[in-house]
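Numbers for residues simply follow the sequence, beginning at 1. Just so you know, ligand 1 is whichever comes first in the structure, and atom 1 is the first atom listed for that ligand.
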Amino acid sequence: TQSTRPQRMLAAVHNNATRGDPRSVVKAIDQFCRQKEWAMNIGDEKGCILDSVVSEVNPAMVLELGTYCGYSTVRIASQLPPHAKIITLEFNPQNAAVARQIIAWAGLGEKIKLIEGSSGDWIPKLKEQFGVDTFDLVFLDHWKDRYLPDTKLMEECGLLRKGSILLADNVICPGTPEYLEYIRNSPRYKSQYFKSHLEYTRVEDGLEKSIFLG
Ligand SMILES: Cc1ncnc2c1ncn2[C@@H]1O[C@H](/C=C/CNC(=O)c2cc(-c3ccc(F)cc3)cc(O)c2O)[C@@H](O)[C@H]1O
Ligand SMILES: [Mg+2]
């Protein structure tokens, strides 16, 4: 039977990355996407911006919306301090299955909690189900029309504290106009745009970093 792109990406990780070495997993996926098949990982160029935000925030608790195959999950988790955790939400079972194996190959299973389900269902349950207080960093990379409703939901559920950082992928391409309009005009956030390129291409894209002011 025909394999899927995520399954071919997983095969590339098994064939080209060293088990237990997260950077080699990231490198193998980037090589696969540049040389074989484009895929919607944040990629190496925007990934460097993600890395710098993670090391600046040095978060104890991270939430990722939209795991896909786990590329950014591995990239973030590989930089977390000891005892820090990332919760990542993914509602497509096939993608979640591939992500679990990529995360396992990287050896980061202890730092990553992958929840199979939709952000809208799970954001309201994170406190009671997982004893979460607030998140220091949230990475938004799921369906682009969910960025705004989920940000409002996180506010309502008390998952953000003064100083929490939201980092949103694809604010130019494919674009998240309603989210940008809200976050850039809300007195409750201070935002900064990091200009870059759509993964593995020369098309403009960028990340929006926003600090929740409480
Ligand atoms: C509410 C909810 N809950 C849980 N999981 C959810 C969820 N909503 C989506 N997911 C999950 O997350 C991933 C989806 C990611 C969506 N990302 C993009 O669409 C995307 C697209 C491009 C792109 C750019 C130019 C093109 F020409 C084509 C594509 C680039 C990107 O970087 C993207 O992120 C996917 O694994 C999906 O199952
Ligand atoms: Mg993206």
Exercise. Can you tell me the protein heavy atom closest to atom 37 (C) of ligand 1 and the distance?
Worked result: E90 OE2, 3.4 Å

Problem set entry | Y68 versus N92, side-chain donor and acceptor atoms under 3.5 Å | no

Exercise. Which one of D51, D141, D169 satisfies the salt bridge (Lys or Arg N to Asp or Glu O under 4.0 Å) criterion with R75?
Worked result: D51

For this session: Find out whether S72 and N41 are in side-chain contact, i.e. whether some heavy atom of one side chain is under 4.5 Å from a heavy atom of the other.
Result: no

Problem set entry | Residue, atom name and distance, where the atom is the protein heavy atom closest to atom 5 (N) of ligand 1 | F91 N, 3.2 Å

For this session: May I ask you to identify the nearest protein heavy atom to atom 29 (C) of ligand 1, giving residue, atom name and distance to one decimal place in Å?
Result: W38 CH2, 3.6 Å

For this session: Specify side chain, backbone, both or neither for D141, according to which of its non-hydrogen atoms lie closer than 4.0 Å to ligand 1.
Result: both

Problem set entry | Separation of I183 CD1 from E181 CD (nearest 0.5 Å) | 11.5 Å

For this session: Select one of side chain, backbone, both or neither to describe which atoms of L198 lie under 4.0 Å from any atom of ligand 1, heavy atoms only.
Result: side chain

Exercise. Relative to atom 4 (C) of ligand 1, which among P174, G66, G117 owns the nearest non-hydrogen atom?
Worked result: G117

Exercise. So is Y200 in contact with ligand 1, going by heavy-atom distances below 4.0 Å?
Worked result: no

Exercise. With a 4.0 Å heavy-atom cut-off (strictly under), which part of D169 contacts ligand 1: side chain, backbone, both or neither?
Worked result: side chain

Problem set entry | Per-atom contacts, ligand 1 versus N92 - under 4.0 Å to a heavy atom | 38 (O)

For this session: Quick one: sort the Y189 and F212 rings into parallel, tilted or perpendicular, breaks at 30° and 60°.
Result: tilted

Problem set entry | the Mg ion (ligand 2) to D169: nearest N/O/S atom name | OD2

For this session: Determine the sole option in I86, T88, L140, L89 for which the side chain to side chain contact (heavy atoms under 4.5 Å, CB included) test with L63 is passed.
Result: L89

Problem set entry | Test item: protein heavy atom less than 4.0 Å from atom 27 (F) of ligand 1 | no

Seminar exercise, completed: ligand 1 to N95, heavy atom cutoff 4.0 Å, flagged ligand atoms 35 (C), 36 (O), 38 (O)

Exercise. Which option out of K144, R146, K46 puts a heavy atom nearest to atom 17 (N) of ligand 1?
Worked result: K144

Problem set entry | Nearest neighbour in protein (non-hydrogen) for atom 3 (N) of ligand 1 | S119 N, 3.0 Å

Problem set entry | D141, N/O/S atom nearest the Mg ion (ligand 2) | OD1

For this session: Below 4.0 angstrom from a heavy atom of N170, which ligand 1 atoms are there? Numbered from 1 as shown, please.
Result: 30 (C), 31 (C), 32 (O), 33 (C), 34 (O)

For this session: Give a yes-or-no answer on whether the side chains of R184 and S191 include a donor-acceptor pair shorter than 3.5 Å.
Result: no

Problem set entry | Salt-bridge criterion met for R100 and E90 (N-O under 4.0 Å) | no

Problem set entry | ligand 1 contact by C173, heavy-atom criterion under 4.0 angstrom | yes

Seminar exercise, completed: Note: ligand 1 atoms sitting under 4.0 Å from heavy atoms of Y68 are 36 (O)

For this session: Provide, to 0.1 Å, the distance between atom 14 (C) of ligand 1 and the closest protein heavy atom, together with that atom's residue and name.
Result: W143 CZ3, 3.3 Å

Exercise. Which pair of non-hydrogen atoms, one from E204 and one from K195, has the smallest distance, and what is that distance?
Worked result: OE2-CG, 3.8 Å

Exercise. Do the non-hydrogen side-chain atoms of I211 and Q192 ever get within less than 4.5 Å of each other?
Worked result: no

For this session: Would you verify whether the NZ or CZ of K85 falls within 45 degrees of the ring axis of F130 while also being under 6.0 Å from that six-membered ring's centre?
Result: no

For this session: Report the part of Y147 (side chain from C-beta onward, or backbone N, CA, C, O) that has a heavy atom under 4.0 Å from ligand 1; answer both or neither where that applies.
Result: neither

For this session: List the closest protein heavy-atom neighbour of atom 32 (O) of ligand 1: residue, atom name, distance to the nearest 0.1 Å.
Result: E199 OE2, 2.5 Å

